[in-house]
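Presented below is the structure to which this report refers.
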Amino acid sequence: MTAPTSDGSDGAPTAAPVRPRWHAQAPVLAVVALGGAVGAAARYGASLWWPTRAGGFPWTTLCVNVVGCAAIGAFMVLVTEVRTAHRLVRPFFATGVLGGFTTFSTYAADGRHLLAADQARTALAYLAATPLTALTAVWAAAWATRRALKGTPTGTGDAVPRDGEQRDGEPS
């Protein structure tokens, strides 16, 4: 949406973006903050349950990031291809909970700590393994979710066909 405004030169209207009022975004901000607190608390709990020894490979952070990425892969298939979710579900769970649970900052800090501890090989292995395994986890979880839902009564793995596509079993 745009509202006409005058640029002052010849009086001709120009388009300026209309920004939503802050209160329209307040529910989104609230659910992202709440979800982020839940996710960060879960990540902190994982670090207490499975601490990384000084100079050791940061398995906890790697596993948290991989599990979080797998969860986002499955979740996005469910809310974009299988069921329509309330408008606040995605910001709460995907951005908030999983954004707070997974952690790029701890990944970077772990790499820096390994380098500072003269563990360059371990640091490089960790810095390479994390994005590779995390991206693989997203892909694998999305694929597995689609595969598991294919042919089930509640979902076909592609509940909303794209333009020009047909679902399995539909006449051409």
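Along the sequence shown, residues are numbered consecutively beginning with 1.
Hydrophobic clustering of Ile, Leu, Val, Met, Phe, Trp and Tyr side chains at less than 4.5 Å, counting indirect connections, unites Leu62 with Trp50. A single hydrophobic cluster is seen to contain both Ile72 and Phe93, as judged by linkage of ILVMFWY side chains at heavy-atom distances under 4.5 Å, directly or through other members. By the rule that hydrophobic residues join a cluster once side-chain heavy atoms approach within less than 4.5 Å of another member, Phe75 and Val82 end up as members of separate clusters. Linking ILVMFWY side-chain heavy atoms closer than 4.5 Å, directly or via other members, places Leu98 and Val89 in a single hydrophobic cluster. A single hydrophobic cluster is not seen to contain both Leu135 and Phe104; linkage of ILVMFWY side chains at heavy-atom distances under 4.5 Å, directly or through other members, places them apart.
Between Arg83 and Leu78, the closest side-chain pair of non-hydrogen atoms is not below 4.5 Å. Residues Arg90 and Thr80 meet the side-chain proximity criterion, which asks for heavy atoms closer than 4.5 Å. Side-chain contact between Thr130 and Val66: absent, with no pair of heavy atoms (C-beta onward) separated by less than 4.5 Å.
We find the CG-CG distance between Leu114 and Leu124 to be 9.5 Å, quoted to the nearest 0.5 Å. Once rounded to the nearest 0.5 Å, the distance linking NE2 of His113 with OG1 of Thr106 reads 9.5 Å. Rounding to the nearest 0.5 angstrom, the gap separating the CG atom in Leu29 from the OG1 atom in Thr95 is 11.5 Å.
Considering all non-hydrogen atoms of both residues, Thr136 and Leu132 come closest at OG1-O, 2.7 Å. Residues Ala141 and Ala70 approach most closely at CB-O, 3.0 Å, considering heavy atoms. Between Cys69 and Ala134, the shortest heavy-atom contact is CB-O, 3.4 Å.
Using a distance-only test at 3.5 Å, with no hydrogens or angles considered, no donor-acceptor pair links the side chain of Thr60 to the main chain of Thr52. No donor-acceptor distance shorter than 3.5 angstrom exists from the side chain of Arg43 to the backbone of Thr103, with no hydrogens or angles considered.
Taking Ile, Leu, Val, Met, Phe, Trp and Tyr as hydrophobic and joining them when side-chain heavy atoms fall under 4.5 Å apart, one finds Phe101 in a cluster with Val64, Val67.
Taking the side chain to side chain contact (heavy atoms under 4.5 Å, CB included) definition, one finds that Leu88 meets it with Pro27, Val28, Val31, His86, sequence neighbours left out.
For the residue pair Thr61/Asp110, the side-chain donor-acceptor check at 3.5 Å is satisfied.
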For this session: Step by step, work out the side chain to side chain contact (heavy atoms under 4.5 Å, CB included) result for Val97 and Phe92.
Result: CA-CA 6 Å; Val97 174; Phe92 171 75; 3.8 Å; yes

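Annotation: ring pair (Phe, Tyr, Trp, His ring centres under 6.0 Å) contacts involving residues 115-137, sequence neighbours excluded, comprise Phe57-Tyr126, Tyr107-Tyr126.
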